[in-house]
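Below, chains carry the letters A, B, ... as their sequence lines are ordered, and counting in each starts from 1.
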Number of protein chains: 2
Amino acid sequence: MQLSERKEKILAAIVEWYIATGEPVGSKTLLEYIHIPVSSATIRNEMAELSRLGFIEQPHTSAGRIPSQIGYRYYVDKLMNRYELPINEKRLIEARLSDAGGEPQQILEQAGQVLAELTNCAVVSTTPTDENAVIRRVELVPLGTHTAMMVMLSSSGILKSRVCRTDSELNLELIETFYNIVSKHFIGKSASEVSIALIQTLALSLGSKSLAISPLLVALSDLAQLTEQTQLLLEGQSNLLNYTDYPNAYELMEFLRRGEPLTNLFAGHKAENNTNVLIGKENFYRELQDSSLIYSHYAVGGKDSGALGLIGPTRIDYARLIPSLKYLTEIVGKIMSDTLED
Amino acid sequence: MQLSERKEKILAAIVEWYIATGEPVGSKTLLEYIHIPVSSATIRNEMAELSRLGFIEQPHTSAGRIPSQIGYRYYVDKLMNRYELPINEKRLIEARLSDAGGEPQQILEQAGQVLAELTNCAVVSTTPTDENAVIRRVELVPLGTHTAMMVMLSSSGILKSRVCRTDSELNLELIETFYNIVSKHFIGKSASEVSIALIQTLALSLGSKSLAISPLLVALSDLAQLTEQTQLLLEGQSNLLNYTDYPNAYELMEFLRRGEPLTNLFAGHKAENNTNVLIGKENFYRELQDSSLIYSHYAVGGKDSGALGLIGPTRIDYARLIPSLKYLTEIVGKIMSDTLED
DNA sequence: GTTAGCACTCTAATGACGAGAGTGCTAAAC
DNA sequence: GTTTAGCACTCTCGTCATTAGAGTGCTAAC
């Protein structure tokens, strides 16, 4: 639907005023805010029309208007002019990310923290995934006679480790056997190929050594799973408590903590537009239907790998947040690509 | 101060009732709850006395009584009988911790989650520290021609890693030089000895190779710092939102997120009793003065290494939570010791 | 030392009321 | 045909008075 220019101006003003103040806007207030040479009555007529069309709504008769979900949508799609990020915010982002340390997870943690500070929203992000990733390296670092730390590195830069205990002594022979198996059966394979079945078959084929080495193989399979799993990172949740108009923060925070739904959401929309905005009821999950979710995928080595998302009330400053998120995802992608590059 | 037996009975009843219901208790209600063959008037007299002594207080004239901080303290110190943990909770704890994977951080995360679920409180924990810990092993895993992942393992079982980039090519010679330096100057030293000065001196002494190797040494120093630093882990923060009587959850959650104050608190009281309870204003930090903090140190290899803490409103079920926390810290200590044991 | 009884105090809930904000509509003006 | 002034209307919010109920402290009797 296309609105008249004046209606657009009025709608934009309502959205921006409401975002800024949190108060419903009346025709008089609006008149002061936008400079159109008409009277409040005219504005009222236009507002009545906008109401009828569903772009704004009234909490109650004697209150002003607030944008409806449709109103926000129209604003985001057509009216909003995106601010350029101020140079000092860009610098801040770059500075904070540059000393994050090179692991994807650390980069995302830092990115999440910066973004949370900058936006006063909750920030979620998913660790990079790559269906074509393969196991690149496995290291076994002995800690004691019966314990060792196993480290697995994937071609997409994910590093996972865990301590494992063996029942029999962890001697050189055992370690060598392990490395042989690894380089023969695991290096270069994708993590998802490391099935329980494969592990069992291998263990059996080793005969007498089977018992000694099986704890190591189990650990290996655990690590493969961990490597493959997308993780959801969460920052700035407590920011959500600052929005007094938030209905039940607990439910939302628990939803974010659970993580899987969002992970799936991000994974599912990978192909789409660069930055997506889901407003209120546009969200599939009930827990998000009082919020807006803005998310954007970052690319590692030219391929979409994971996403960063912002969550706040529907009344957030879209015009400011969208560029911030966009810039950050670009930087995150760039840094991760740099680290991986051979 | 020593109260008469009847006063103690009444105080205990007030505390327990208030913990259970959240409602101030009146003399009549109390009469039904405790079975003492006296009238409500007698109870009233006793309650008046307890009020005078500061053990209980009245939100307003026509309300019942609630325990004061002093009242809680007396209850915790003298009246409360600690419940034995039900066997199924013990089993749950053990089960959840057994598949945590062996790294301290993972164990603590799991422990925190279980405890948060069991208690409906926020759980904090500090990673183990050991002033005598030394660098046990450093590994450099090449990822590309100019990048590598460095892994540092301390004798207390802490594993830290980071990616580092070198300006010049990461060839075998460079790697060998690095390992030589490491084994000569770093292995067996405590992380705190890895000063910037030492790093600079070493880099200088290498002459022409200095430039090539310095990124590696910087990474090493970063890792040493990370290894030494105590980390504060946080679970179940959103539980705090369920207590409607909580004044400003935001402030508290930000305080927990910041972490250092609690880290210091735990570090400072290491020598004391096994389990400590700080009620309301007994807490040094303003942000905690509406809460109670229960914490307990876990021992790795017989030495206090870190702590787990529970945070909730002063109105929490001390009799149930203290044993839960205590049991969990024991198990955590045991598991960590097992993993470390040679 | 204990108890019954009672006056007293305070909260929470309820309803009445007026001020204020904002609207929609109508009729006149441009 | 659009715009505007004016006005009646509606609804919220704060204030105030009133009431019911809970719980107390005190006194006098046991």
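The residue Arg6(B) sits close only to the backbone: its heavy atoms come under 4.0 Å of sugar-phosphate atoms, none of a base. Nucleic acid contact class of Ser40(B) (heavy atoms, under 4.0 Å, all strands): none.
Going from atom CD1 of Ile66(A) over to atom C1' of dT12(D) covers 15 Å, rounded to whole Å. Note: CD (Glu46(A)) to P (dG22(C)) measures 19 Å, nearest angstrom. Rounded to a whole Å, the CZ atom of Arg52(A) is 13 Å from the C1' atom of dT23(C). Rounding to whole angstrom units, CD1 of residue Ile36(A) and P of dT3(D) are separated by 11 Å. Atom CD in Glu49(B) sits about 16 Å away from atom C1' in dT24(D), given to the nearest Å. Between the P atom of dT2(D) and the CG atom of Asn45(A) lies a distance of 11 Å, rounded to the nearest Å. In this structure, the CZ atom of Arg44(B) is 14 Å from the P atom of dT27(D), given to the nearest Å. To the nearest angstrom, P of dT9(C) lies 17 Å from CZ of Arg65(B).
Between Phe255(B) and Tyr285(B), the ring planes are tilted. Angles from 30° to 60° get that label. Using cut-offs of 30° and 60° on the angle between ring planes, the pair Phe266(B) and His297(B) is perpendicular. Between Tyr33(A) and Trp17(A), the ring-plane angle classifies as perpendicular under the 30° and 60° cut-offs.
Geometrically, Arg315(A) engages Tyr18(A) in a cation-pi contact defined by less than 6.0 Å to the ring centre and at most 45° from the axis.
Judged by distance alone, with hydrogens and angles left aside, the side-chain atoms of Glu46(B) form no donor-acceptor pair with the main-chain N or O of Ile43(B) at under 3.5 Å. Panel note: side chain Arg65(B), backbone Gln58(B); no donor-acceptor pair is recorded below 3.5 Å.
Comparing dT24(D), dT4(D), dT2(C) against the side chain of Thr42(B) picks out dT2(C) as the nearest.
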### Message
Across nucleotides 10-18 of chain C, 5' to 3', mark each nucleotide with B, S or - according to how protein heavy atoms within less than 4.0 Å reach it.
### Response
BS-------

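Here the CD1 atom belonging to Ile93(A) is positioned 10.5 Å from the CD atom belonging to Glu330(A), to the nearest 0.5 angstrom.
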